[in-house]
Each structure stands twice: as structure tokens, then as C-alpha cells.
Amino acid sequence: MSKSHFRVIHWFRRDLRLTDNPALHAASQAADEVVPVYVISPWRKNHHWTGAPRQEWLAGCLDSLEKNVAAVGGRLIFRRGEALKELEKLISKTKAEAVFYNRDPDPHGIKTEAGLEKLAQRLGIRAHGFQNATLHERNEILTAAGKPYRVFTPYRNNWSNLEKPAMVPTVTALVTPPGMASEGAPSLRDWDLKPSGISMPEPGERAARQRMKKALEEVLPHYAETRDTPLGPTTSRLSQDLRMGTLSIRELYHRASEAGRESDSSAVKKSVSTFISELAWRDFYMQILWHWPEVLEHEFDPQWRGLAWSYDEGDFGRWKEGLTGFPLVDAGMRELKATGLMHNRLRMVTAMFLTKDLRIDWRLGERWFSQALIDAEIASNNGGWQWSAGTGADAAPYFRIQNPWSQTRTHDPAGAYIRHWVPELKNAPLAALLNPPAEGKSAAPGTDYPPPMVDHKEAREATLEMFKKHRARQQGHH
Ligand SMILES: Cc1cc2nc3c(=O)[nH]c(=O)nc-3n(C[C@H](O)[C@H](O)[C@H](O)COP(=O)(O)OP(=O)(O)OC[C@H]3O[C@@H](n4cnc5c(N)ncnc54)[C@H](O)[C@@H]3O)c2cc1C
């Protein structure tokens, strides 16, 4: 087959794989030679949207990608600096005729893509962007009036009726121009970060696909039943792979759907459809961010902008450390600290606790999660936080405040998750984990474990008051 170009660049971003990689596949079909490049961003120390755990995870995924690219005959080129500047230098050095890339739904990614399109025009080359991170993009799913959806269920119904993109063939051969200089692969030193000390899943494409296979066999068939149980293999645990693109969302979708079609069991079919609905949530939040990028600063629902949130550093610190005295909340925060991940139910419980029991601004929690999670995904994280705060698209209404004690009785009735993550509570009687202790008492007297930092009932009343006062003030203005 004759190729339309001699040499092109594939710019790797959040698509760190050879399997079902639309832009990389297209690049390999279009040109004799492909320069696969990853540009390591130049920021140092603190970053609003990421932290040591995710950068460590990224470095691991890149390490594995470098080997995978070499295994098919190519060479992954690393550059350090601003993406557009580095791409421009690389284009002129390699005389590449086009840049191939997969689109990134985050505002920063979109801005960089617009810059790349301009750069390509200026240099007289082509830039080819591909759909990749989502199953459906921004304007594929709109209401009958042509507007983006603000509510999940009608979005999902429309989403479910649309055919999903097919997978593309795995890239099995790459020729990188010989003798190309590359900088070294990144490590935490690049960003001036200290090792997080957490034990992570194995990074890279092969490990991600093994995890997927295992999840499809062992978790998916009973997902509808187990997904709210925080301990054990009860959910797929694939979010960190979807984040870096070591796993393709299309592959996950198609394989899960196939498992549903092949099964005769209505329970399995129900589980598959519940699971696929979660993938639709992921697309939903990404389209919210696409259409309303201001959610990164403001409440999605304008009526809740300017609430009198707290910024108490002491309270915030206790929440971060898992020392609130609420066993379930603390178990969640400690899971996060130890693994860079947290079960979805606990993300809701801990986010609701921060915003509704401590009345701390959801933006602080959102930021902490961004920095602590290895799967930190701007759209889902913002969506989850605004849902919990009661300010988001299709959020929990502000007056529906979860009670951490009844959440414990429902989702960790034997205290297994709590005991797993909070060693101080290992020997506490079950009743002490499920119910508030007497005033001023800890769930584990005689240990360092603190008494609950607030009374949930009183905190709930104060929060309702905060929301109601805000609304009254707003109505007074009109
Ligand atoms: C406050 C809060 C913050 C969150 N922050 C993130 C985040 O930074 N990154 C992230 O990937 N998810 C986030 N979520 C969503 C969800 O908690 C995680 O996707 C999930 O826990 C990942 O575990 P899993 O892969 O086992 O999920 P599974 O239950 O196996 O679901 C499969 C996949 O569906 C997607 N998914 C599942 N639930 C959601 C959801 N509620 N919203 C969007 N996508 C979903 C994920 O990609 C997930 O990997 C957040 C939720 C809340 C309430």
C-alpha cells in the first residue's frame, strides 16, 4: 500500500498504548516513518490538578510504553518543555509532514490542540486529531433542541441508542527515523516531587488489559450487587488505566457488552448494563466540562454560587489525614493515602462529609483528590464533588445529606472495610463502628483514635441553614 506521507509525528498524551489507538494507528498507516513523542511538562513542585501519586503512575506507564514501542521496532522520543514549543522544534528537525494526536477533553488539552492547529497551518503541515478518550464526544449527544444535557438519565438514554465507535487494529510495526536524539524518560525529579510511598497497581498496557480480563470474568457478572461494597474486588478498578489510556474505553465497552450479550442470565445482563451506565457517567461529566468549563471554578448551578463555605485548616487537615473520628470516613481517607485510589461509595461519603458535615468548600476537597488520586480525572472528579456538594449537574439536592453512620450500617455492616484501613479500630466492638459514641468518647477508647469531630445531627442542621440563608439572601436581591 502506498503511503501518503514519508514521515509524521505521533504525539502521545493520555493514550499510552499500542492497542486500539486511533491516532497512532492512522499515523502508522499514513507514513513510512513515525516519530512517537511524549513531551514532559515543565512545572515544578505543586500543581493544582496533579500530585506525586499520579505523576509516579504516569512515569510507570511511560516506562512501559517505551518498551512496547521498542518491541514493535520504533523508539519513543522524550522531550521536556511546553508541548507546542517542543512539537515545533521536532517538526522542523524531523521535517515531519503531519502531526497525529488523540483529542483530550480537558480545557488545557483543548487549548493546546487549538494552538497545534494554528502551528500546523503556519508551518504548512497537517494536524490530525482523533476521538479517543470518550465513547461519544461533545456534540454527538444533544437534546432535541440541540442543547447539551444537564441531566444524566435522558443523556444516557440517548447515549445508549447510539452505535459506539469500533476498535482499530493494534499497531504491530513502527519505524522511527534512525539516530534520533531523545531525552531520558521522566521520573518524579522532573517535577520536584517526593515519592508518594504508595503501592500502586502495575503500570502499563499489558497489566491494564490483564486487569480488564480479570474484572470482566470475576467482577462484571455480579457488579450490580457488589459495586457498593467497598472492600474486595467489587468494582473493576480500571479508572487509573482509563485515565492514562493504557486501556481503551472502546475495548472495555465492547468487551463488557459482549459479555452481556453472551450470557443467558438476567442477573449478568443487569450487571453489564449497570456497568455500562457508569461508563456513560464518565462521558456525561466529560461533556459537562466540554460545554461548561467554568465548572472548574464555579458551581454548575448558579443559584449556589457564593455559599458561605468554611476554610478551616484544622478541620480540613483532620479530614485529609483520616482523623475525623467517623470510622467510615477515616477508612476512606486512609485508603486514598495508602493506595492513591478510593472506592466510589467512599468518595461520595468523604466528599459529602467534607461539604455537609464540615461545610468546607468543595473546591478544597476536589483539589486534594486531584493531587492524591492516581486516577484523578478532572471531569469526573469535579462532577463527583459538585454532585456531593449539591451544586452540580444532576446533583444530590442540598437537603439530601447522607448520614455517615447509616452509610456504614448499609455499606460496611460487618466493619470489614473500616478494620482493614483503620488499625486503631481493629479490635473495637462492631457496635462502636456503626453508631455514634457517647458525647466526647472515641470509637476506640484508650487508643489515639479521636472522638467524632462533629455531631452529625447538629452539623446537618447548620448546613441546611447555610443553604437556606443563601437562598433567602439571593431571593432578597431579586
Ligand atoms: C467525589 C468524587 C470524586 C471522583 N473522582 C474521580 C476521579 O478523579 N477519576 C475517576 O476516574 N473517577 C472519579 N470518580 C468516580 C468514581 O468514583 C471512580 O470512577 C471509581 O471509583 C473508579 O473505580 P472503578 O474503576 O473500580 O469503577 P467501576 O465501578 O468499575 O466503573 C468503571 C468505570 O466507569 C467510570 N465511572 C464509574 N463511576 C463513575 C462516576 N461516578 N463518574 C464518572 N465515571 C465513573 C470510571 O471510568 C470507572 O473506571 C469520583 C467520584 C466522586 C463521588
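For ligands, and for the atoms within them, numbers begin at 1 and follow the listed sequence. For clarity, every value in this text was computed on a predicted model and none was experimentally measured.
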TODO: Test Phe353 against Trp319 for ring pair (Phe, Tyr, Trp, His ring centres under 6.0 Å), laying out the working first.
DONE: CA-CA 9 Å; Phe353 184 82; Trp319 175 81; 8.5 Å; no
- [ ] Quick one: look up the protein heavy atom nearest atom 36 (N) of ligand 1 and list residue, atom name and how far away it is.
- [x]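 Scanning the protein heavy atoms, the shortest distance from atom 36 (N) of ligand 1 goes to Glu278 O, 3.6 Å.
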Open item on the list: Considering non-hydrogen atoms of the protein only, which is the closest contact for atom 32 (C) of ligand 1, and what is the distance?
Closed with: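 That would be Phe275 CE1, 3.4 Å.
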Is there a nitrogen or oxygen of [X] sitting under 3.5 Å from a nitrogen or oxygen of ligand 1?
{"X": "Trp385", "value": "no"}
{"X": "Ser236", "value": "yes"}
{"X": "Asp375", "value": "yes"}
{"X": "Tyr285", "value": "no"}
{"X": "Thr235", "value": "yes"}

Open item on the list: Under a 4.0 angstrom heavy-atom cut-off, which atoms of ligand 1 come close to Tyr223?
Closed with: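 Close to Tyr223: 28 (P), 29 (O), 30 (O), 31 (O).
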Open item on the list: Considering Met348, Met352, Arg211 one by one, which has a heavy atom nearer to atom 53 (C) of ligand 1 than any of the others?
Closed with: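 Heavy atom nearest to atom 53 (C) of ligand 1 belongs to Met348.
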- [ ] Just go through Ser239, Ala376, Pro230 and tell me whose heavy atom is the nearest to atom 48 (C) of ligand 1.
- [x]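 It is Ser239 whose heavy atom sits nearest to atom 48 (C) of ligand 1.
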Task: Glu321/Lys337 ion pair, N-O < 4.0 Å - done: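 A salt bridge is present here (some side-chain N lies under 4.0 Å from a carboxylate O).
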Open item on the list: More than 12 heavy atoms of other residues, nucleotides or ligands under 6.0 Å from NZ of Lys214: yes or no?
Closed with: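 No.
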- [ ] Can you spot which of His298, Arg305, Gln303 makes a side chain to side chain donor-acceptor pair (under 3.5 Å) with Asp301?
- [x]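 Going through the options one by one, the only one that passes is Gln303.
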